[in-house]
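Report on the following structure.
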Amino acid sequence: MIFEVWAPDATTVEVDVQGSRRPMSPGAGGWWSAEVEGAGHGTRYAFMVDGDGPYPDPRSRRQPEGVFGPSAVYDHARFTWSDHDWKGRDLRGSVVYELHVGTFTQEGTFHAAIEKLDHLVELCVDLVEIMPVAPVPGGRNWGYDGVDLYAVNETYGGPDGLKSFVDACHRAGLGVILDVVHNHLGPSGNFLRPFGPYFAGFPGSYWGEAVNLDGPGSDEVRRYFIGNALQWLRDYHVDGLRLDAVHALHDARATHLLAELAAEVDALACAVGRPLTLIAESDLNDPRMVQPPEAGGLGMNAQWDDDVHHALHCAVSGESHGYYKDFAALPALAKVLTGGVLHDGTYSSFRGRSHGRSYAGVPGHRLVACLQNHDQIGNRPRGDRLPVPALKLGAGLLLTSPFTPMLFMGEEWGARSPFLFFSDHVEPRLREREAERREREFDGFGYVWDAPDPSDEETFLRSKLDWTELKEEAHWSLLCWYRDLVALRKALPELSDPRLDRVRVEVDPDGKWLVMWRGELAVSVNFAEETVSVPVAAGAVLLASDDPVRAGEDGRLRLPGQSLTISRPDTI
């Protein structure tokens, strides 16, 4: 077989195949190649660059010995797929479920996660979003310290394990979204620098150095990341990608990397005959992120919407510290439910400046909203989740909103296990200072930082879901509430209608109640402890309620403290 690697500035490059070195020949565009007879699937290899190394292949498909070991040849054609009839899953009208493979089950593997797919089918979610699976240092990590971006973490089951998971999801009728990190690489095991100008030379985010998307040599760097994205969609049959922190992608070119990626993915979708989705994580509040390139946008199908989360969180928890300050009052929730964002050019006290633009005309399905996710739980010092009463109210609003709702693993039954930040760095300097680094990252967020040590294995073990909780009445009852809400969303077209201009909200900040109208449907929420009377419709018919509610003939509902009801006029 032929080994190839891009190393434009190298004088000599060698490939080390199972302990035997062979010189490589330079070719066009900085690419080097060498043919090695007898090499094939499973063959271990690495590269020497100007005598330094050995280094793993930057495009390694498999790292069987971890990020510091040699690469292994991986033949995609050897896996037998059974999803030939799979037609894909469109994001529009879907419910997303986010999970971390290592903590979703006690075993922490793709195989074990497959055993839980029936639970997700019964919950009636449509797309499973898995946190990053690229190799990481050590045996446990959130995944955002990933390197060897073309490979799959062996701890979870390696490339065949991921394919088996995707195949099983498709058999169960579930699409798969993969979280990928292209704005930086982990601080440990990152061997791209010896090969070429992969980095820009300045910080891109708190997590690492910016990648080189617009400087000298960046043509091939861009192809590295675009090729990585296409690999997951093509070779692993993944249905979509969640692109981590795209606001940290520094690209001054006329055509932004995201727009270029969107065009490539559209072309691939035509070739494979199924929808392929790109979801951006962005804190810019810029609607151009989800507008098509021909309209001056970047072409993402959707983006995460933190403003919806913040407003929901404040309403159900009462918290108002740090970035929650501007979202503390109920009118903020009313604004995000009807406009998608709170900061649409308004002043952001957390940033100390005005922020964002209006999302007028953007359909709600392009905004992925949540009550909880890995960041909003795991970035709290104790990784604590919302209590059951808050989940009932928050889920009721989220799952009846015009946005694409996303749930976080265990949320649907009120899991008691925290989701803490954990890592397993090999180098002592990184391992010993991880807790300090983490505390510095959240300086000014309003937390008293009393987090457990991220490097302690117990921190990881505590974050695993306890599926036996489902045997307890309180957890089972909440799961039934979530199931009912998802089923109602799918049964009533008004609830999946993405047109924000069709959403009406009436709010009483003093009485702490809110009514959101989706067509003729009224979603009534009482955030206060006391019973309140809210306007709906005369003789309203109750479709769902998390607490006994009395419907009045006077067009008002008597809502007990901390309760939510979905109703409609009896003439419908």
Q. Is Asn141 close to Asn153 at the side-chain level, that is, under 4.5 Å between some pair of heavy atoms?
A. no
Q. Looking at side-chain heavy atoms only, is the closest gap between Asp306 and Gln376 below 4.5 Å?
A. yes
Q: Starting from the C-alpha separation in whole Å, work towards a yes-or-no answer on side-chain contact (heavy atoms from CB on, under 4.5 Å) for Val128 and Phe104.
A: CA-CA 12 Å; Val128 181; Phe104 185 56; over 6 Å; no
Q) What's the shortest heavy-atom distance between Leu174 and Val125, and which atoms? A) CD2-O, 3.3 Å
Q.
Can you confirm whether the side chains of Ser533 and Arg556 place a donor and an acceptor under 3.5 Å from each other?
A. yes
Q.
Contact between Arg462 and Pro418 at the side-chain level, heavy atoms closer than 4.5 Å - yes or no?
A. yes
Q) Who passes ring pair (Phe, Tyr, Trp, His ring centres under 6.0 Å) against His247, sequence neighbours left out? A) none
Q) Are a donor atom and an acceptor atom from the side chains of Ser349 and Asp326 found within less than 3.5 Å of each other? A) yes
Q: Please identify each residue that fulfils side chain to side chain donor-acceptor pair (under 3.5 Å) with His100, with sequence neighbours left out.
A: Thr103, Tyr156
Q. Are the side chain of Thr400 and the backbone of Gly396 linked by a donor-acceptor contact shorter than 3.5 Å?
A. yes
**Q.** Partners meeting side chain to side chain donor-acceptor pair (under 3.5 Å) with Trp232 (sequence neighbours left out)
**A.** Asn228
Q) Mind checking what makes side chain to side chain contact (heavy atoms under 4.5 Å, CB included) contact with Arg433, not counting sequence neighbours? A) Glu436, Arg440
Q | Between Asp179 and Tyr144, a side-chain donor and acceptor under 3.5 Å | A | yes
Q.
On a heavy-atom basis, which atom in Val336 and which in Phe403 lie closest, and how many Å separate them?
A. O-CZ, 3.1 Å
Q. Is any side-chain heavy atom of Val180 less than 4.5 Å from a side-chain heavy atom of Leu149?
A. no
Q. Taking only residues two or more places apart in sequence, or in another chain, which ones meet Asp384 in a salt bridge (Lys or Arg N to Asp or Glu O under 4.0 Å)?
A. Arg380
Q | Sub-4.5 Å side-chain heavy-atom contact between Tyr323 and Phe445 | A | yes
**Q.** Residue of the set Phe408, Phe422, Phe421, Trp142 for which ring-ring contact (aromatic ring centres under 6.0 Å, His included) holds with His374
**A.** Trp142
(Q) Taking side chain to side chain donor-acceptor pair (under 3.5 Å) as the definition, give me every residue that meets it alongside Gln372, ordered by chain and number, with sequence neighbours left out. (A) none
**Q.** Student check: side-chain heavy atoms of Leu397 and Leu333 closer than 4.5 Å
**A.** yes
Q: For side-chain contact (heavy atoms from CB on, under 4.5 Å), just list the numbers for His475 and Arg416, CA-CA rounded to whole Å, side-chain angles, deciding distance to a tenth of an Å, and then say yes or no.
A: CA-CA 10 Å; His475 294 294; Arg416 289 192 294 262; 2.8 Å; yes
**Q.** Spacing of CZ belonging to Phe419 relative to NZ belonging to Lys464, to within rounding of 0.5 Å
**A.** 11.0 Å
Q | Leu367 CG to Gln303 CD distance, which is reported to the nearest 0.5 Å | A | 5.5 Å
**Q.** Over all atoms of both residues, closest heavy-atom pair of Asn373 and Cys370
**A.** ND2-SG, 3.3 Å
Q: Evaluate side chain to side chain donor-acceptor pair (under 3.5 Å) for Glu434 paired with Ser455, printing each intermediate quantity in order.
A: CA-CA 7 Å; Glu434 184 75 325; Ser455 300; over 6 Å; no
Q: Would you mind reporting whether His182 and Val211 have side-chain heavy atoms less than 4.5 Å apart?
A: no
Q. Mind checking what makes salt bridge (Lys or Arg N to Asp or Glu O under 4.0 Å) contact with Glu441, not counting sequence neighbours?
A. Arg437, Arg438
**Q.** Given Asp344, Asp307, Asp305, the one that forms side chain to side chain donor-acceptor pair (under 3.5 Å) with Asn285
**A.** Asp307
Q) Just how far is it from atom CE of Met289 to atom CZ of Arg366, taken to the nearest 0.5 Å? A) 13.0 Å
(Q) side-chain contact (heavy atoms from CB on, under 4.5 Å), that's the test. Do Trp481 and Leu391 meet it? Break it down for me. (A) CA-CA 10 Å; Trp481 174 240; Leu391 289 172; over 6 Å; no
Q: Check salt bridge (Lys or Arg N to Asp or Glu O under 4.0 Å) between Asp145 and all other residues, then give those that pass, not counting sequence neighbours.
A: none
Q | N/O donor-acceptor pair under 3.5 Å between Asn183 side chain and Leu249 backbone | A | no
Q) Given the rule in the side-chain contact (heavy atoms from CB on, under 4.5 Å) test, do His310 and Leu342 qualify, once you have shown the distances and angles that lead to the verdict? A) CA-CA 10 Å; His310 297 348; Leu342 175 67; over 6 Å; no
Q | Ring centre gap for His343 and Phe327 strictly below 6.0 Å | A | yes
Q | Residues forming a salt bridge (Lys or Arg N to Asp or Glu O under 4.0 Å) with Lys512, sequence neighbours excluded | A | none
Q: Calculate, to the nearest 0.5 Å, the distance between atoms SG and CD1 belonging to Cys169 and Ile130 respectively.
A: 7.5 Å
Q: Search all heavy atoms of Leu386 against all heavy atoms of Ser317 and return the closest pair with its distance.
A: CD2-CB, 4.2 Å
(Q) For Asp453, is there any backbone N or O sitting under 3.5 Å from a side-chain donor or acceptor partner on Thr459? (A) yes
Q.
With rounding to the nearest 0.5 angstrom, report the OG to CG distance, Ser463 to Leu420.
A. 4.0 Å
Q: Taking all non-hydrogen atoms of both residues into account, name the closest pair between His425 and Pro187 and its distance.
A: CE1-CG, 4.0 Å
Q. So, does Glu411 use its side chain to make a donor-acceptor pair with the main chain of Met409 at under 3.5 Å?
A. no
Q: Using atom types as modelled and distance alone, determine if a side-chain donor or acceptor of Asn526 lies under 3.5 Å from a backbone N or O of Pro560.
A: yes
Q.
Strictly by salt bridge (Lys or Arg N to Asp or Glu O under 4.0 Å), give each pair with a member in residues 283-299 just once, sequence neighbours left out.
A. Asp286-Arg288, Asp286-Arg357
(Q) Can a donor-acceptor pair be found, under 3.5 Å and without considering hydrogens, that links the side chain of Arg518 to the backbone of Glu494? (A) yes
Q | Spacing of Cys314 atom SG and Leu312 atom CG [to the nearest 0.5 Å] | A | 9.5 Å
Q) With sequence neighbours excluded, what pairs up with Asp126 under the side chain to side chain donor-acceptor pair (under 3.5 Å) test? A) Lys490
Q: Check whether any side-chain heavy atom of Arg489 lies under 4.5 Å from a side-chain heavy atom of Pro405, and answer yes or no.
A: yes
Q) Are Arg140 and Asp424 within salt-bridge range, i.e. N to O under 4.0 Å? A) yes
Q: State which residue, out of Val176, Ile177, Leu99, fulfils the side-chain contact (heavy atoms from CB on, under 4.5 Å) condition with Glu129.
A: Ile177
Q.
Which residues pass the side chain to side chain contact (heavy atoms under 4.5 Å, CB included) test with Glu281, not counting sequence neighbours?
A. Arg242, Asp244, Ala245, Trp304, Asp375
Q: State, to 0.1 Å, how close Asp239 and Gly175 come at their nearest heavy-atom pair, and which atoms those are.
A: OD2-CA, 3.3 Å
